[in-house]
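First up is the structure itself, then whatever we jot down about it.
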Amino acid sequence: MKEIKIQRKIFPFLPPDLVVNLQEFDTCLFTNEDLRKMFFYLRNSNYTHYLILKLLFSSGISIPELTSFRIKNFDPSSANLKISERCRLRNRNIKIASDFARELDRFCQSEKADLPLFPGREGIREERSIQKILQKSRELIGKEVSIPLIRDAIALYFSRQGFPSREIQIFLGHRSLKSTKQRLSLYHNVERIPNSMTFEDFSSEAA
């Protein structure tokens, strides 16, 4: 009989200091004032939408990853998210800020572990629901808000703090280091970019 090899999912852990601090988040794509404006409005209008947007900026999670994410894959004690491989993105273990972990824990602590973290009306939340949150965010700050731009902003945030591209690659789930470096290279000379350049110039599909 042939030996059947079971391929195990590997969820690489990152250094504990590789955490998005939204209080200090400030890049050429999204300023701290942009985040404050979006979070303040959504927190007062729809708390679930506020948490979803905050998770996007804290983790760089994609829409398929977010809609399929289960409560059991969130460990509030360690503020750790176990994100399973989806589409082109790899498995990864990442940490979120402890204060945000407490917010998520309060939000889902009365629900069953196997349920989606952010369920929709009929179970799984639909992608168009996330797109509506992004659309509202665009209206609030007057600039493009998309998953590729959020992920690029996170990469830039970590790069400016001196974290190596390899760790940024693992955090975002890129399949190759080349992809991470290519995304970061778009912004290396951003201070010299003319004011006429728009966010659409950066909004190519994320790696």
Side-chain angles (χ1 to χ4, degrees), residues 18-69 74 76 79 81 83 89 94-108 116-121 124-161 168 171-173 183-184 186-187 190-191 193 195 197-207:
L18 200 73
V19 177
V20 175
N21 183 345
L22 295 176
Q23 306 264 341
E24 300 175 357
F25 195 97
D26 197 32
T27 72
C28 62
L29 293 175
F30 300 104
T31 67
N32 193 259
E33 181 60 29
D34 290 334
L35 267 62
R36 287 167 61 88
K37 189 178 294 185
M38 291 185 289
F39 294 153
F40 179 80
Y41 176 86
L42 291 175
R43 195 178 194 282
N44 289 288
S45 62
N46 189 312
Y47 191 69
T48 300
H49 290 181
Y50 155 78
L51 290 177
I52 289 174
L53 189 67
K54 203 167 182 180
L55 181 61
L56 293 175
F57 273 96
S58 296
S59 66
I61 196 169
S62 70
I63 291 180
E65 290 172 333
L66 188 149
T67 56
S68 62
F69 192 86
F74 164 53
L81 303 176
I83 304 175
L89 301 179
I94 62 173
K95 289 194 70 173
I96 57 176
S98 57
D99 56 343
F100 180 42
R102 287 192 292 271
E103 284 185 296
L104 280 182
D105 188 34
R106 288 196 300 269
F107 175 76
C108 65
L117 179 61
F118 298 112
R121 293 180 180 177
I124 298 294
R125 181 172 291 268
E126 296 183 3
E127 180 175 336
R128 62 182 178 180
S129 170
I130 312 301
Q131 294 294 355
K132 286 182 179 179
I133 298 171
L134 297 176
Q135 176 60 41
K136 185 60 187 178
S137 300
R138 293 184 197 111
E139 295 170 2
L140 289 168
I141 64 174
K143 62 175 72 168
E144 180 67 19
V145 182
S146 67
I147 299 300
L149 284 176
I150 291 173
R151 287 170 56 79
D152 284 354
I154 291 172
L156 189 59
Y157 165 80
F158 284 133
S159 180
R160 287 184 173 178
Q161 292 186 55
I168 299 172
F171 186 97
L172 292 173
R183 299 307 298 175
L184 285 170
L186 293 173
Y187 311 98
V190 71
E191 288 80 9
I193 293 175
N195 291 333
M197 209 159 202
T198 66
F199 272 67
E200 283 70 21
D201 294 306
F202 296 121
S203 60
S204 57
E205 187 176 3

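- Once rounded to the nearest 0.5 Å, the distance linking NZ of Lys54 with CG of Leu22 reads 6.5 Å.
- Annotation for Gln23: atom CD does not count as buried by contact number, only 12 or fewer foreign heavy atoms lying within 6.0 Å.
- Summarising the geometry, atom CD1 belonging to Ile94 is positioned 4.0 Å from atom CD1 belonging to Ile83; distances are rounded to the nearest 0.5 Å.
- For the pair Thr67/Pro116, no side-chain contact is recorded, criterion being any heavy-atom separation below 4.5 Å from C-beta on.
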Ring pair (Phe, Tyr, Trp, His ring centres under 6.0 Å) between Phe158 and Phe171, worked out: CA-CA 10 Å; Phe158 284 133; Phe171 186 97; 4.9 Å; yes
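- Between Ile133 and Tyr50, every side-chain heavy-atom pair lies at or beyond the 4.5 Å cut-off.
- Within the model, atoms CZ of Arg106 and CG of Leu104 stand 9.5 Å from one another, a figure rounded to the nearest 0.5 Å.
- Under the 4.5 Å side-chain criterion, counting only non-hydrogen atoms from C-beta, Leu89 is in contact with Arg151.
- A side-chain contact (heavy atoms from CB on, under 4.5 Å) with Ile52 holds for exactly one of Asn46, Leu117, Leu42, Leu66; it is Leu66.
- Across all their heavy atoms, Ile96 and Val19 have their closest contact at C-CG1, 3.6 Å.
- The minimum heavy-atom distance between Asn21 and Tyr157, with the atom names listed, is N-OH, 3.0 Å.
- The 12-atom threshold is exceeded at CZ of Phe107, counting heavy atoms of other residues, nucleotides or ligands nearer than 6.0 Å.
- The two residues Ser146 and Leu134 come nearest to each other via the heavy atoms CA-CD1, 4.4 Å.
- Rounded to the nearest 0.5 angstrom, Leu81 CG and Ser58 OG are separated by 8.5 Å.
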Is there a side-chain contact (heavy atoms from CB on, under 4.5 Å) between Arg138 and Lys143 once you walk through the steps? CA-CA 5 Å; Arg138 293 184 197 111; Lys143 62 175 72 168; over 6 Å; no
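- At least one donor-acceptor pair under 3.5 Å links the side chain of Asp34 to the backbone N or O of Thr31.
- Separation of atoms NZ (Lys136) and CG (Leu53) is listed at 13.0 Å; rounding is to 0.5 Å.
- With contacts defined as side-chain heavy-atom distances shorter than 4.5 Å, the pair Phe100/Leu51 qualifies.
- With no hydrogens or angles considered, no side-chain donor-acceptor pair links Gln131 and Arg128 at under 3.5 Å.
- Between Asn32 atom CG and Phe39 atom CZ the span is 9.5 Å, to the nearest 0.5 Å.
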Which is it for Leu140 and Val145 under the side-chain contact (heavy atoms from CB on, under 4.5 Å) test, yes or no, and what are the steps along the way? CA-CA 10 Å; Leu140 289 168; Val145 182; over 6 Å; no
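- Across all their heavy atoms, Met38 and Ser137 have their closest contact at SD-CB, 3.4 Å.
- Between Leu55 and Phe69, every side-chain heavy-atom pair lies at or beyond the 4.5 Å cut-off.
- Enclosure of atom OH in Tyr47 by more than 12 non-hydrogen atoms of other residues, nucleotides or ligands within 6.0 angstrom is indicated.
- Judged purely by atom type and a 3.5 angstrom limit, Glu65 uses its side chain to pair as donor or acceptor with the backbone of Ser62.
- The two residues Pro64 and Ser68 have their closest heavy-atom pair at O-OG, 2.9 Å.
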So Tyr187 and Asp152, side-chain contact (heavy atoms from CB on, under 4.5 Å) or not? Walk me through it. CA-CA 9 Å; Tyr187 311 98; Asp152 284 354; 2.8 Å; yes
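- When each of Glu126, Lys132, Arg125 is tested with Ser129 by the rule side chain to side chain donor-acceptor pair (under 3.5 Å), just one qualifies, namely Arg125.
- At least one side-chain heavy atom of Ile154 sits under 4.5 Å from a side-chain heavy atom of Leu172.
- The shortest non-hydrogen separation linking Cys108 to Phe74 is SG-CD2, 4.3 Å.
- Contact of the Cys28 side chain with the Arg160 side chain is registered, since non-hydrogen atoms from C-beta on lie closer than 4.5 Å.
- Contact check for Ile130 versus Phe118: no side-chain heavy atoms found under the 4.5 Å cut-off.
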